[in-house]
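Sequence lines set the chain letters: A, B, ... in the order given, protein chains first and strands last, and positions in each chain run from 1.
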Amino acid sequence: MPSGQPATTNGQQATRLPREFFDRAATEVAPDLLGCVLWHDSPAGLVAARLVEVEAYMGPADPASHSYRGQTARNAVMFGPPGYLYVYFTYGMHFCANLVCQPPGQPEAVLLRAGEIVAGADLATRRRAGERDPAADDPVHETGTPGGGVRAARAGANGRAIRPVDLARGPARLCQALDIDRSQDGLDACAPGSPVGIGPPSAADQQALAAGQQTIGTGPRVGISRAVDRPWRYWLAGDKHVSIYRPVKPRPSRRKPVTGRDTEDGTMLR
DNA sequence: TGCTCGATTACCT
DNA sequence: GGTAATCGAGCAA
């Protein structure tokens with residue numbers, strides 16, 4: 001049962017990052033989020049991930065940001081107060097989660113790209129394998145996950161085992177492991193009682209970072225075609241849970257078939 | 001209203 | 001390494 005303020009793996013109550021933590025530029029918040037623990041306490045159980053990779057999106061000044069073109073129904077949460085979860089749907093089948101930064105009206109956010117599952121690994125594995133949460137038997141949830149059926153079919157097709165390192169390695173995988181979708185859009189990660197929250201790094205992580213044993217890598221963001229020169233991606237150097245960097249590649253056109261006549265060379269333009 | 005593209009992933013060769 | 005899957009958002013006409 002969701003308690004809103006879940007116990008950690010050692011039974012203690014989790015501490016949430018304060019809202020002031022997010023009331024800064026996304027480029028300042030992003031590296032500080034590395035090592036922090038994001039959790040979702042759903043009806044099916046608690047899953048928590050230690051963040052190892054994030055990206056900063058800087059609002060109207062950043063052509064790669066969803067808020068670059070102004071406020072819409074989709075990105076409205078970005079324009080609100082800091083510490084809220086902004087979840088969007090992309091590629092027809094994936095969800096990605098962000099944490100909103102800066103005060104209302106300054107739509108900056110940090111994309112959560114990858115993490116290490118530190119609690120609820122069994123539940124996360126089942127979700128990643130395409131199984132629906134047993135507790136999520138309401139019809140809205142059942143149909144509210146576009147692509148879920150595809151994923152389930154694919155995962156079930158060959159029963160390929162999901163390696164623990166791959167459970168939350170990638171923004172969409174992270175969302176799937178934590179069962180985050182558009183129904184979590186707009187949740188307050190800082191509010192006591194919220195099913196989604198984020199806490200500070202473990203003592204070991206804090207020590208390692210402070211002592212310089214753990215360093216932070218920076219580089220260009222993944223999968224974007226604009227503002228590719230800005231090194232606003234941050235990760236824990238050497239961590240095996242960091243996703244694989246793939247520069248964006250222009251896709252060939254996918255024009256729908258035209259009845260009667262194709263193009264000269266037979267290729268289907270988009 | 002129709003078209004294009006996308007902050008991705010899994011599968012196949 | 002290449003590509004299919006899949007559909008919502010945003011833009012142009």
Side-chain angles (χ1 to χ4, degrees), chain A residues 26-27 30 33 51 53-60 62-79 85-101 107-115 125 127-130 143-163 165-177 180-183 185 219-235 242-259 267-270:
Chain A
T27 46
L33 279 174
L51 299 177
E53 183 185 1
V54 297
E55 287 177 358
Y57 286 86
M58 296 297 283
D62 178 6
S65 173
H66 284 182
S67 55
Y68 178 65
R69 296 178 204 277
Q71 184 172 350
T72 65
R74 177 209 204 189
N75 65 17
V77 174
M78 278 186 85
F79 289 76
L85 197 64
Y86 163 50
V87 184
Y88 66 88
F89 181 62
T90 189
Y91 287 97
M93 63 192 86
H94 297 303
F95 295 100
C96 297
N98 301 250
L99 285 165
V100 176
C101 301
E108 299 183 13
V110 175
L111 170 69
L112 311 178
R113 280 201 60 86
T125 302
R127 285 171 174 161
R128 291 275 288 106
T143 57
T145 308
V150 173
R151 288 194 300 263
R154 284 182 175 176
N158 59 9
R160 182 175 295 184
I162 297 167
R163 297 183 305 163
V165 72
D166 287 332
L167 278 177
R169 195 184 193 199
R173 291 167 171 177
L174 178 67
C175 283
Q176 194 181 6
I180 290 173
D181 58 30
R182 282 287 288 176
S183 58
D185 184 48
R221 293 170 292 182
V222 177
I224 57 172
S225 54
R226 288 165 291 208
V228 293
D229 56 321
R230 302 179 197 185
W232 290 341
R233 173 173 169 250
Y234 306 86
W235 65 90
V242 172
S243 67
I244 299 161
Y245 176 68
R246 278 174 294 200
V248 71
K249 194 171 46 177
R251 290 195 312 180
S253 297
R254 293 176 305 172
R255 194 174 290 283
K256 287 175 182 172
V258 179
T259 52
T267 55
M268 293 297 219
L269 300 176
R270 192 174 181 189

Note to self: Using a heavy-atom cut-off of 4.0 Å across all strands, would you classify A:Ala64 as base, sugar-phosphate, or nothing?
What the structure shows: base

Sequence neighbours excluded, the answer for salt bridge (charged side-chain N to carboxylate O under 4.0 Å, His left out) partners of A:Arg173 is none

I'd like to check the salt bridge (charged side-chain N to carboxylate O under 4.0 Å, His left out) partners of A:Asp185; sequence neighbours left out, ordered by chain and number.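 For A:Asp185, the residues satisfying salt bridge (charged side-chain N to carboxylate O under 4.0 Å, His left out) (neighbours in sequence not counted) are A:Arg182.
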
Hits for side-chain contact (heavy atoms from CB on, under 4.5 Å) against A:Ala30, two or more places apart or cross-chain, chain-then-number order -> A:Val54, A:Ala56, A:Val110, A:Tyr234

| said: If the condition is side-chain contact (heavy atoms from CB on, under 4.5 Å), which residues does A:Tyr68 pass it with, not counting sequence neighbours? | reply: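 Testing A:Tyr68 for side-chain contact (heavy atoms from CB on, under 4.5 Å), a comparison that skips the adjacent residues, returns A:Pro63.
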
Would you say the side chain of A:Ile180 lies within less than 4.5 Å of the side chain of A:Phe95, judging by non-hydrogen atoms?
no

- Query: Considering only heavy atoms from C-beta outward, does the side chain of A:Leu99 approach that of A:Leu85 to under 4.5 Å?
  - Reply: yes

Residues at least two apart in sequence or cross-chain that pass ring-ring contact (aromatic ring centres under 6.0 Å, His included) with A:Tyr88, listed by chain then number, are A:His66, A:Tyr86

Distance in angstrom units between [X] [atom1] and [N] [atom2], rounded:
X: A:Arg163; N: B:dA10; atom1: CZ; atom2: P; value: 11 Å
X: A:Arg113; N: B:dA7; atom1: CZ; atom2: P; value: 11 Å
X: A:Tyr88; N: C:dG10; atom1: OH; atom2: P; value: 13 Å
X: A:Arg74; N: C:dC7; atom1: CZ; atom2: C1'; value: 11 Å
X: A:Phe89; N: B:dT8; atom1: CZ; atom2: P; value: 14 Å
X: A:Arg173; N: B:dT8; atom1: CZ; atom2: P; value: 12 Å
X: A:Phe95; N: C:dA5; atom1: CZ; atom2: P; value: 20 Å
X: A:Met93; N: C:dA4; atom1: CE; atom2: C1'; value: 8 Å

I'd like to check, for A:Tyr91, whether its ring lies over the base of C:dA5 with centroids under 5.5 Å apart and a plane angle smaller than 30°. no

Is there a side-chain contact between [X] and the phosphate of [N], meaning an N or O under 4.0 Å from OP1 or OP2?
X: A:Arg169; N: B:dT9; value: no
X: A:Thr72; N: C:dG10; value: yes
X: A:Ser225; N: B:dG6; value: yes
X: A:His66; N: B:dA7; value: yes

Its dot-bracket string being built from Watson-Crick and G-U pairs below 3.5 Å, with | for another strand and [ ] for crossing, DNA chain B has the pattern ||||||.|||||.

